[in-house]
Amino acid sequence: MTGAVADDALELSTVEVRAQAENLEGIAAAGSQGVVSSQRLAAVPILRPGEALEMVPGLIVTQHAGDGKANQYFLRGFNLDHGTDFATYVGGVPVNMPSHAHGQGYTDLNFLIPELVDRISYRKGPYYAAEGDFSSAGAAHIDYFRTLDGTLAQLTLGQHGYARSLLAGAPALANGRLLYGLELFHNDGPWQVSEDYRKLNGVLRYSEGSRRNGWSVTGMAYRGQWTSTDQIAQRAIDSGAVDRFGTLDSTTGGKTYRYSLAADWAKQGEQSQSTANIWWLRSGLDLWSNFQYCLNDYAATGSCATGDQFKQGERRQAGGFSLAHTVFDRWGGFEVSNAFGLQARVDRLNPVGLYNTRQRETWNTVREDRVSQRSLGLWAQNEVRWASWFRSIQGLRADAYDFVVDANLSANAGAASDQMLTPKFSLVFGPWQKTELYLNYGHGFHSNDARGTTIRVDPASGDTVNPVKPLVRSKGQEIGLRSEIVPGWQSTAALWQLEAASELLFVGDAGTTEASRPSRRYGLEWTNFYAVNDWLAVDADLAWSHARFRDAAPEGSYIPGAVGTTANLGLSIDQLGPWFGALRLRYFGSRPLIEDNSVRAPGSALINLRLGYRFDRQTSLALDIYNLFDRRVNDIEYWYDSQLAGESSPIFDRHVHPGEPRSARLTISHRF
């Protein structure tokens, strides 16, 4: 949960498609923070639920396997994998999963219901005392509505077996509102082996009062299962051995569930703001993958009778709470606010494991552990308005972590702990002509997988390995500019730099840990939103970054997967008579796939279109067309070695997951 000062500031900066931008003077702590309103989110066509985060300027969302798996995220020169270094919350419950079976910080947003999202509050960079683990590159807090305009019944049908229905409402109950939402979903996708992704998803929230002065209790439940078409070796496609939308293992895929319960409370006093949140989560995942096909099987047996399929599985229970209190005061002649917060989290995994499988049948346990992880964070922040044109924000955060691992291989069992202090500092100058200048400095961190902190022996090879530090420090600086000098036009620019002591990563695919070198990233972001009039809005998010390892090595200094340039451009139309619509262009830039930059993934540009018609205030029809010009692009590319059946030795090659071809979905919505 974020501090009250920052939350209130973000809420004031909400921009709607049909309204002028509200005044941002004196509320933001950095140029690279803001809010995506429900109106903006509802105006854009979204292929997958996780793509709601693409409304965060500079953030790109892709997929490298079946749609039931967590997305891949890219921001500020980071290949964030499935979520490391970008913290995400929904309804006050953290989504990032530490010590996850597949990857550290795993962020699965397939349970998100975009139509129920009230707002997305985002922050980028390690400059905010209330943000802790996984937030070095940024954080997003997604919250659902407390009330709805009537009852919504919605049905969407599309190509490739796509069918989705949603029923949602928020009737009055006692002194509050009971929000409910039920989603049924099925999709086969364009793949030769049908994905058969089935999802059952629900939300139930009772609330009284408002976000700043009220309380709510929210329950969420989600189950999904799917067959996955993972990335494919390019040489298999080129030779005709497999189609671009085919698969080299038709039994990969997964099944998952997530149940959560959260309660939040807020009290607004004459000179104070208090908030509290408590949450509980139960989740599980079984994920079958095969990225190298026969490589390990050939090495072990000289044949490909079994193959290299493996399962990553976990069963998790987690819980936590957060408290924050802000006091508004005067020190001498200066306006002052002092905020304090306490956050805690406990995760218990029983078990979390890696297994060798064939057609989803387990034949060997590589490792199976029971993990307990606890964290406690305490933060304080002081803001002083020294003059009408100058204020300072200074904060300090203290975090303590401990890990206990009970491993099937006794050498890898043990306990570890770590602590870290992370200072934050911001100077804000202005406003002058509705323009403010921001200078930001801060330290952040992300935790490493608990199993990596106690490991001594590689569970696959038996080789001796060294454990890694539990917490990895980052350090960032930023110069930002936010302006509304032209009525209706919000423009922000940020020149930033971020250094990481080591990009530590637990490699779930192999059951081992790897510690990469220190890194440095810097870049420039320019974000614009212009409400031209009451029916037309234009937005343009442009980002450029430079990412390198800081120390020299023979293999090179480029960071694989670090995207240099991204762009997200949009045109939204509403209240043009009965018509509404949107046109969006997303550019995903070229990036190195190997440290010496000798192999690169090309950039791609996709255009999505929405065209809609309102029959009356209750009923509307919308047609969404994705990849409008049917561009042949890849969602993701990797460079590593693999071995196909019949090959005499492993071969380094591109491994790609294609972007979906042009497809259409038709949605009818009715409110009653």
Side-chain angles (χ1 to χ4, degrees), residues 63-73 80-84 88 94-111 133-134 222-226 228 230 251-260 281-292 296 308-318 345-357 360-373 403-409 412-413 446-455 458-460 468 470 504-514:
Q63 182 57 273
H64 79 113
D67 281 336
K69 188 177 179 180
N71 295 108
Q72 298 277 118
Y73 306 93
L80 297 164
D81 192 48
H82 296 289
T84 304
T88 306
V95 185
N96 302 73
M97 297 295 178
S99 304
H100 190 269
H102 183 68
Q104 180 70 342
Y106 188 83
T107 302
D108 183 1
L109 282 170
N110 282 297
F111 68 93
D133 200 3
F134 303 121
Y222 159 67
R223 296 190 71 93
Q225 62 184 62
W226 66 96
S228 178
D230 293 341
T251 62
T252 56
K255 55 184 179 180
T256 187
Y257 63 85
R258 182 187 189 276
Y259 308 112
S260 69
L281 171 73
R282 182 185 175 197
S283 66
L285 173 70
D286 290 319
L287 182 66
W288 291 270
S289 307
N290 189 346
F291 300 135
Q292 295 180 301
N296 295 314
D308 284 4
Q309 189 185 96
F310 59 90
K311 184 183 88 168
Q312 295 159 310
E314 69 161 58
R315 299 295 181 268
R316 177 188 305 261
Q317 289 207 55
R345 175 171 179 168
V346 177
D347 287 78
R348 300 191 186 280
L349 293 94
N350 185 17
V352 54
L354 177 66
Y355 313 89
N356 297 124
T357 59
R360 299 197 182 190
E361 294 295 328
T362 299
W363 59 268
N364 178 55
T365 298
V366 178
R367 72 175 301 172
E368 186 175 80
D369 309 295
R370 285 158 180 80
V371 173
S372 177
Q373 175 174 327
F403 311 89
V404 177
V405 178
D406 180 12
N408 64 330
L409 186 62
N412 289 333
H446 75 244
S447 62
N448 195 35
D449 192 296
R451 294 167 292 177
T453 68
T454 62
I455 194 170
D458 185 321
V468 296
L504 297 176
L505 179 68
F506 180 87
V507 184
D509 298 347
T512 60
T513 55
E514 291 181 358

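Small disclaimer: the values here were computed from a predicted structure and weren't measured.
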Kindly compute the distance separating OG (S289) from CG (D230), expressed to the nearest 0.5 Å.
5.0 Å
How long is the straight-line distance from CZ of F403 back to CG of N448, given to the nearest 0.5 Å?
7.5 Å
When you measure from the side chain of Q63 to the backbone N and O of K69, does any donor-acceptor pair fall under 3.5 Å?
yes
Audit row: D67, W226, side chain to side chain contact (heavy atoms under 4.5 Å, CB included) steps and yes/no:
CA-CA 8 Å; D67 281 336; W226 66 96; over 6 Å; no
Does a donor on one side chain and an acceptor on the other come within less than 3.5 Å for T252 and N290?
no
Quick check on R370: does its CZ atom have over 12 non-hydrogen neighbours (other residues, nucleotides or ligands) under 6.0 Å away?
yes
Would you say that L349 contacts M97 through its side chain, given a criterion of any heavy-atom pair below 4.5 Å between the two side chains?
no
Do V405 and N412 make a side-chain contact, defined as non-hydrogen atoms from C-beta onward lying under 4.5 Å apart?
no
Within this structure, what is the CG-CG distance for the pair L80 and N71, rounded to the nearest 0.5 Å?
12.0 Å
Inspect the contact between D286 and R315 and indicate whether a charged nitrogen and a carboxylate oxygen are less than 4.0 angstrom apart.
yes
Does any N or O in the side chain of D347 come within less than 3.5 Å of the main-chain N or O of Q373, such that one atom is a donor and the other an acceptor?
no
Given 3.5 Å as the limit, does a donor-acceptor pair link the side chain of N296 with the main chain of D308, or not?
no
Distance in Å, Q317 CD paired with Y259 OH, rounded so as to fall on 0.5 Å steps
12.0 Å
Taking atom NZ of K311 and atom CH2 of W363, what is their separation to the nearest 0.5 Å?
14.5 Å
When you compare the side chain of Q309 with that of Y355, does any pair of heavy atoms fall below 4.5 Å?
no
Can you check whether A413's main-chain N or O pairs, donor with acceptor, with T454's side chain at less than 3.5 Å?
no
Is the shortest side-chain heavy-atom distance between Y222 and N110 below 4.5 Å?
yes
Donor-acceptor check, side chain of Q312 to backbone of L354, threshold 3.5 angstrom: yes or no?
no
Test your reading of the model: is there a side-chain donor-acceptor pair from N96 to the backbone of T88, 3.5 Å cut-off?
yes
Describe, in one word, how the ring planes of F310 and F291 are oriented to each other, choosing from parallel (under 30°), tilted (30 to 60°) and perpendicular (over 60°).
perpendicular
Determine yes or no for a side-chain-to-main-chain donor-acceptor pair under 3.5 angstrom, with R367 supplying the side chain and A407 the backbone.
no
So, the side chain of H82 versus the backbone of T107: is there a donor-acceptor pair under 3.5 Å, distance only?
no
Run through R348, R282, H100 and flag the one making a side chain to side chain contact (heavy atoms under 4.5 Å, CB included) with R316.
H100
Between the main-chain N or O of A101 and the side-chain N or O of Y106, is there a donor-acceptor pair closer than 3.5 Å?
no
Classify the ring geometry of H102 against H64: parallel below 30°, tilted from 30° to 60°, perpendicular beyond 60°.
parallel
Measure the spacing between OG of S99 and CD of E314 and express it to the nearest 0.5 Å.
9.0 Å
Any donor and acceptor pair, going by atom type alone, linking the side chain of D369 with main-chain N or O of V371 inside 3.5 Å?
no
